[in-house]
Peer 1: 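The following block contains the structure, expressed as structure tokens.
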2 protein chains.
Amino acid sequence: MKISKKAYYGLRAVIALGRLSEPASIRSIAETEHLPEDYLEKILQALRRVGIVEAKKGADGGYSLARPAREISVWDILKELDSPLRSFSTPIKGTLPCLQPGHCQTNEVWRILEKEIEKTLSSISIDDLLPKDARQKHAF
Amino acid sequence: MKISKKAYYGLRAVIALGRLSEPASIRSIAETEHLPEDYLEKILQALRRVGIVEAKKGADGGYSLARPAREISVWDILKELDSPLRSFSTPIKGTLPCLQPGHCQTNEVWRILEKEIEKTLSSISIDDLLPKDARQKHAF
DNA sequence: TCAAATCAGACAAAAAAAGTCTGATTTCTA
DNA sequence: TAGAAATCAGACTTTTTTTGTCTGATTTGA
């Protein structure tokens with residue numbers, strides 16, 4: 001139930017973009033954050049496809065946040081970059097579920113857990129994670 | 001951030017034991033739950049080491065719960081069988097943490113998430129997952 | 001004494017995650 | 001308008017983790 005490096009890198013990169021007002025190139029982000037450049041590229045592309053960041057091509061281009069940091073949650077990023085909670089085999093379609101004893105009970109546990117994770121991570125925005133004065137609501 | 005089959009199998013097995021009053025052999029559990037026998041053996045051994053189940057050796061032996069189902073939580077099982085939430089590299093001991101920008105903020109997010117997961121899963125006991133009449137507090 | 005069970009740990013196979021490489025396309029600037 | 005700097009796209013490889021298997025030892029009840 002661990003969090004992948006992919007999601008960790010992605011979150012770090014988005015936080016980095018949140019600190020800037022100009023587009024930043026993959027290379028510059030990779031260097032300041034010490035992340036593998038080629039891998040970071042794929043991560044940013046994935047985040048672009050879901051509208052979290054936007055890219056400007058060509059010389060002097062780069063990535064920037066597609067919307068204000070306050071409107072991007074940690075959940076938005078993790079649900080895109082991390083594998084979904086449910087990974088085990090679900091009952092075959094068309095058959096009655098829960099024939100295997102315990103299957104549906106565990107499913108229900110995962111469902112509850114998933115909801116809770118979504119709720120928790122949705123309540124934290126990228127803006128909350130940016131450096132600022134200590135009187136802020138969420139100060140990390 | 002998915003849950004491993006190991007944890008899924010383990011939870012299913014413990015629920016199965018919760019339904020019984022007599023020790024059950026690995027083989028019988030594997031058969032009724034349709035789980036791989038050799039793998040299940042290792043899982044039950046791990047749960048035995050942390051005192052969730054107990055084993056009786058020899059002919060007519062088998063596994064049973066080491067304490068009442070009400071006193072075993074889903075968290076007890078998952079924290080043993082699943083990988084821990086934090087898997088990325090932490091700052092090198094002896095150096096100042098948070099030199100890499102964004103590192104400590106993400107760490108804080110994981111910490112909050114971990115607490116929430118623990119809280120959620122600790123609130124569900126194996127007894128809650130056993131089949132019983134619908135007026136029970138937790139009825140799955 | 002034998003059969004049925006757990007115990008222990010090495011090993012193998014499969015799947016997933018992490019990372020790399022190559023070449024195409026776009027766009028700014030000199 | 002050519003070249004440099006950037007993203008885009010996707011195949012590929014390597015590494016790590018997970019899942020599963022095998023073999024042999026030990027314990028215990030009938």
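Keep in mind that what you see is a predicted model, and the values were worked out from it rather than measured. In what follows, chains carry the letters A, B, and so on, assigned in the order in which the sequence lines appear, proteins first and then strands, with residues in each chain numbered from 1.
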Peer 1: Closest approach to the side chain of B/Y39, judged atom by atom: which nucleotide of D/dT19, C/dA17, C/dC7 is it?
Peer 2: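 So the side chain of B/Y39 is nearest to D/dT19.
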Peer 1: Assign B/R48 to base, sugar-phosphate, or nothing according to its heavy-atom contacts below 4.0 angstrom with the strands shown.
Peer 2: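 The answer is sugar-phosphate, as B/R48 gets under 4.0 Å only of primed atoms, P, OP1 or OP2.
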Peer 1: If you only use heavy atoms from C-beta on, which nucleotide in C/dC28, D/dT7, D/dT19 is closest to the side chain of A/K56?
Peer 2: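 Per side-chain heavy atoms of A/K56, the pick is C/dC28.
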Peer 1: Using a strict 4.0 Å threshold on nitrogen-to-oxygen distance, state whether B/R27 and B/E37 make a salt bridge.
Peer 2: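 Judged by the 4.0 Å cut-off on N to carboxylate O distance, B/R27 and B/E37 do form a salt bridge.
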Peer 1: When you check the phosphate oxygens OP1 and OP2 of C/dA8, does a side-chain N or O of B/K57 lie under 4.0 Å from one of them?
Peer 2: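 So the side-chain polar atoms of B/K57 never come under 4.0 Å of the phosphate oxygens OP1 or OP2 of C/dA8.
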Peer 1: Between C/dA18 atom P and A/Y8 atom OH, what is the distance in whole Å?
Peer 2: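 Distance, rounded to whole Å: 12 Å.
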Peer 1: Using a strict cut-off of less than 4.0 Å between a Lys/Arg side-chain nitrogen and an Asp/Glu carboxylate oxygen, indicate whether B/K2 and B/D82 qualify as a salt bridge.
Peer 2: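 Looking at B/D82 together with B/K2, the answer is no, because their closest N to O distance does not fall below 4.0 Å.
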Peer 1: Considering only D/dC8, C/dA18, C/dA17, which nucleotide approaches the side chain of A/K6 most closely?
Peer 2: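 Of the candidates, C/dA18 comes closest.
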Peer 1: Look at the side chain of B/S122 and the backbone N and O of B/K119, then say whether any donor-acceptor pair between them is shorter than 3.5 Å.
Peer 2: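 Answer holds: no.
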Peer 1: C/dA4, OP1 or OP2 - any side-chain N/O from B/S25 closer than 4.0 Å?
Peer 2: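 No, no such contact exists.
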Peer 1: Using 4.0 Å as the upper bound for N to carboxylate O, is an ion pair formed by B/E118 and B/R111?
Peer 2: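 Between B/E118 and B/R111 there is no salt bridge, as every charged N stays at least 4.0 Å from the carboxylate O atoms.
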Peer 1: If I take atom CD in residue B/E37 and atom C1' in nucleotide D/dT21, what distance separates them, rounded to the nearest angstrom?
Peer 2: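 After rounding, the gap between these two atoms is 11 Å.
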Peer 1: Rounded to the Å, how far apart are B/I29 CD1 and C/dT6 C1'?
Peer 2: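 It works out to 12 Å between those atoms.
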Peer 1: Assuming nearest nucleotide by heavy-atom distance, tell me which of A/D60 and A/M1 is located more 5' along DNA chain D.
Peer 2: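 The residue mapped nearer the 5' terminus is A/D60.
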Peer 1: Round to the nearest Å and state the distance from B/L81 atom CG to D/dT18 atom P.
Peer 2: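 Rounded to whole Å, this separation is 12 Å.
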Peer 1: Could you tell me how far apart A/K5 (NZ) and D/dT17 (C1') are, to the nearest whole angstrom?
Peer 2: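 From A/K5 NZ to D/dT17 C1': 12 Å.
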Peer 1: Any side-chain N or O of B/Y9 less than 4.0 Å from the OP1 or OP2 oxygen of D/dT19?
Peer 2: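 It does not, given that no N or O in the side chain of B/Y9 lies less than 4.0 Å from OP1 or OP2 of D/dT19.
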Peer 1: Tell me the interatomic distance from A/D38, atom CG, to D/dT7, atom C1', rounded to whole angstroms.
Peer 2: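 Taking atom C1' of D/dT7 as the reference, CG of A/D38 is at 12 Å.
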Peer 1: With respect to the side chain of B/P36, which nucleotide from C/dA17, D/dG20, C/dA3 is positioned closest?
Peer 2: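 My answer, after comparing the listed nucleotides, is D/dG20.
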Peer 1: Applying side-chain contact (heavy atoms from CB on, under 4.5 Å) to B/E33 and B/Y9, what does each step give before you reach the verdict?
Peer 2: CA-CA 9 Å; B/E33 297 288 324; B/Y9 293 168; over 6 Å; no
Peer 1: Does A/K42 place a side-chain N or O at less than 4.0 Å from the phosphate oxygens OP1/OP2 of C/dA17?
Peer 2: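 No, A/K42 has no side-chain N/O under 4.0 Å of OP1/OP2 on C/dA17.
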Peer 1: Taking only N and O in the side chain of B/R49, is any of them less than 4.0 Å away from OP1 or OP2 of C/dC7?
Peer 2: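 For B/R49, the contact criterion (side-chain N or O under 4.0 Å from OP1 or OP2 of C/dC7) is not met.
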Peer 1: Check the phosphate of D/dC8 against A/Y63, side-chain N and O only, distance under 4.0 Å to OP1 or OP2. Yes or no?
Peer 2: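 Yes, within the criterion.
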Peer 1: Could you state the CD-C1' distance from A/Q45 to C/dT20, rounded to the nearest angstrom?
Peer 2: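 Roughly 14 Å, once rounded to whole Å.
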Peer 1: Under 4.0 angstrom, heavy atoms only, what part of the nucleic acid is A/I26 near: base, sugar-phosphate, or nothing?
Peer 2: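 A/I26: backbone/sugar contact only, no base atoms under 4.0 Å.
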